[in-house]
Amino acid sequence: MDIRIKPMESDAEIRGKAYVHWKAWQETYPGLVDQAYLEELTLEKCTDIAFRWPDHILVAKDGEKVVGFVGYGPSWDETLPETGEIYAIYILEAYYGRRVGYALMSAAAQRLSRYEKIAVWVLEGNRRAIGFYRRYGFLPDGTRKQITLGTVNTEIRMILSEKPQSDFDDVREEN
């Protein structure tokens, strides 16, 4: 496996990010969010989103194929000044267990290193994602919010205060 982590730059990478966004929602959220909402989240909508917001996105590539991405930046939460945030991180299901998520998270955390803490919001009930964030070092801080994804869902906020030092010998990062 030759996975590379790099900033999203080309139209092909933007389209690849859009596909991962769409496909990961289809793979991850059945039973967690309203099925009608999932059906309305089309590849075309994800492509539109990807082209409208191309900044602060890192992609994971297996050869020329985008297999994951992470979006990051300053926290949008007014209650967390001077905090970075992971806005989204998705990996194709076929790449689960291959350390792609850890590599993406580490690359984003490095870019957010000026912040003392990093926050992420995760859908309550998404056990795989919550487990991933916990293994990485994020802990729930007790903050919850309601969001509407067809129906009302709850997200929990998790905070990373100490960034782990890890070595990804099979995943490389390009600047």
Side-chain angles (χ1 to χ4, degrees), residues 1-33 35 37-39 41-73 84-113 118-138 149 153 155-156 158 160 163-175:
M1 180 174 73
D2 185 29
I3 301 292
R4 295 175 296 129
I5 307 297
K6 65 175 295 297
M8 184 175 71
E9 298 169 309
S10 70
D11 282 2
E13 289 170 346
I14 293 171
R15 289 185 204 302
K17 181 261 184 192
Y19 176 78
V20 169
H21 181 182
W22 171 77
K23 185 68 171 169
W25 271 71
Q26 304 308 311
E27 294 172 339
T28 303
Y29 293 120
L32 288 175
V33 302
Q35 187 60 37
Y37 184 85
L38 281 178
E39 291 168 8
L41 183 66
T42 63
L43 179 55
E44 293 75 23
K45 284 184 180 179
C46 291
T47 301
D48 181 54
I49 291 167
F51 275 97
R52 275 191 286 145
W53 290 291
D55 299 328
H56 303 288
I57 304 285
L58 299 173
V59 293
K61 294 182 78 175
D62 184 359
E64 290 304 309
K65 179 182 178 181
V66 175
V67 299
F69 75 90
V70 62
Y72 63 93
E85 185 169 334
I86 300 299
Y87 304 137
I89 183 168
Y90 291 106
I91 293 89
L92 294 176
E93 190 174 62
Y95 286 82
Y96 287 176
R98 298 187 188 186
R99 299 169 29 129
V100 175
Y102 282 96
L104 283 166
M105 184 64 79
S106 293
Q110 181 180 7
R111 284 164 173 75
L112 295 170
S113 63
I118 299 173
V120 65
W121 288 94
V122 60
L123 200 60
E124 189 174 63
N126 188 347
R127 291 192 305 257
R128 175 177 273 284
I130 292 168
F132 167 76
Y133 296 132
R134 280 188 182 278
R135 285 187 302 278
Y136 197 84
F138 285 84
L149 302 170
N153 295 85
E155 285 187 316
I156 60 171
M158 298 179 78
L160 177 68
K163 296 170 194 85
Q165 300 298 316
S166 26
D167 186 24
F168 298 100
D169 50 3
D170 58 345
V171 179
R172 69 180 197 274
E173 184 177 346
E174 298 177 3
N175 293 331

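Worth knowing before you read on, the calculation uses all heavy atoms, side chains too, and leaves out hydrogens, waters and symmetry mates.
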Engineer: For L43 and Y19: C-alpha separation, side-chain torsions, deciding distance, then whether side-chain contact (heavy atoms from CB on, under 4.5 Å) applies.
Structural biologist: CA-CA 6 Å; L43 179 55; Y19 176 78; 4.3 Å; yes
Engineer: What distance separates H21 NE2 from F69 CZ, expressed to the nearest 0.5 Å?
Structural biologist: 5.5 Å
Engineer: Identify the two heavy atoms, one from I89 and one from G101, that lie closest to each other, and give their separation to 0.1 Å.
Structural biologist: CD1-O, 3.7 Å
Engineer: Out of curiosity, E85 CD to L112 CG, how far, rounded to the nearest 0.5 Å?
Structural biologist: 9.5 Å
Engineer: Regarding Y87 and W121, do their side chains bring together a donor and an acceptor under 3.5 Å, going by distance alone?
Structural biologist: no
Engineer: Over all heavy atoms of both residues, which pair between K17 and V66 is shortest? Give the atoms and the distance, please.
Structural biologist: N-CG1, 3.9 Å
Engineer: Looking only at non-hydrogen atoms, find the nearest pair between I91 and A24 and report the distance.
Structural biologist: O-CB, 4.2 Å
Engineer: Hey, does the side chain of D62 reach the backbone of K65 with a donor-acceptor pair shorter than 3.5 angstrom?
Structural biologist: no
Engineer: Among R128, R134, R127, find the one that has a side chain to side chain contact (heavy atoms under 4.5 Å, CB included) with I130.
Structural biologist: R134
Engineer: Give the intermediate values and the outcome of side chain to side chain donor-acceptor pair (under 3.5 Å) for residues S106 and Y136.
Structural biologist: CA-CA 9 Å; S106 293; Y136 197 84; 2.9 Å; yes
Engineer: First locate atom OH of Y133, then atom CD1 of I156, and finally report the distance between them rounded to the nearest 0.5 Å.
Structural biologist: 10.5 Å
Engineer: Before you tell me yes or no, could you show the steps for V70 and Y90 under side-chain contact (heavy atoms from CB on, under 4.5 Å), namely the whole-Å CA-CA distance, both residues' side-chain angles and the distance that decides it to 0.1 Å?
Structural biologist: CA-CA 7 Å; V70 62; Y90 291 106; over 6 Å; no
Engineer: Please report the interatomic distance CZ(R4) to CG(D2), rounded to the nearest 0.5 Å.
Structural biologist: 7.0 Å
Engineer: When rounded to the nearest 0.5 angstrom, what is the spacing between CH2 in W25 and CG in L32?
Structural biologist: 10.0 Å
Engineer: Below 4.0 angstrom, N of the basic side chain to O of the carboxylate: do K23 and E93 qualify?
Structural biologist: no
Engineer: Identify every side-chain donor-acceptor pair in residues 50-60 under 3.5 Å, counting partners at least two apart or on other chains, and give the distances.
Structural biologist:
unit_1	atom_1	unit_2	atom_2	d
R52	NE	D48	OD2	3.0
R52	NH2	D48	OD2	2.8

Engineer: Taking it one step at a time, do E155 and E124 satisfy side-chain contact (heavy atoms from CB on, under 4.5 Å)?
Structural biologist: CA-CA 5 Å; E155 285 187 316; E124 189 174 63; over 6 Å; no
Engineer: From Y29 OH over to L149 CG, what is the distance, rounded to the nearest 0.5 angstrom?
Structural biologist: 8.5 Å
Engineer: Could you walk me through whether M105 and F138 pass the side-chain contact (heavy atoms from CB on, under 4.5 Å) test, one step at a time?
Structural biologist: CA-CA 11 Å; M105 184 64 79; F138 285 84; 3.9 Å; yes
Engineer: Before giving the answer on side chain to side chain donor-acceptor pair (under 3.5 Å), spell out for R135 and Y102 the whole-Å C-alpha distance, their side-chain angles and the decisive distance to 0.1 Å.
Structural biologist: CA-CA 9 Å; R135 285 187 302 278; Y102 282 96; 3.1 Å; yes
Engineer: Is the closest side-chain heavy-atom distance between V20 and V67 below 4.5 Å?
Structural biologist: no
Engineer: Considering all heavy atoms of both residues, which atom of E13 and which atom of P7 are nearest to each other, and what is their separation?
Structural biologist: OE1-O, 3.7 Å
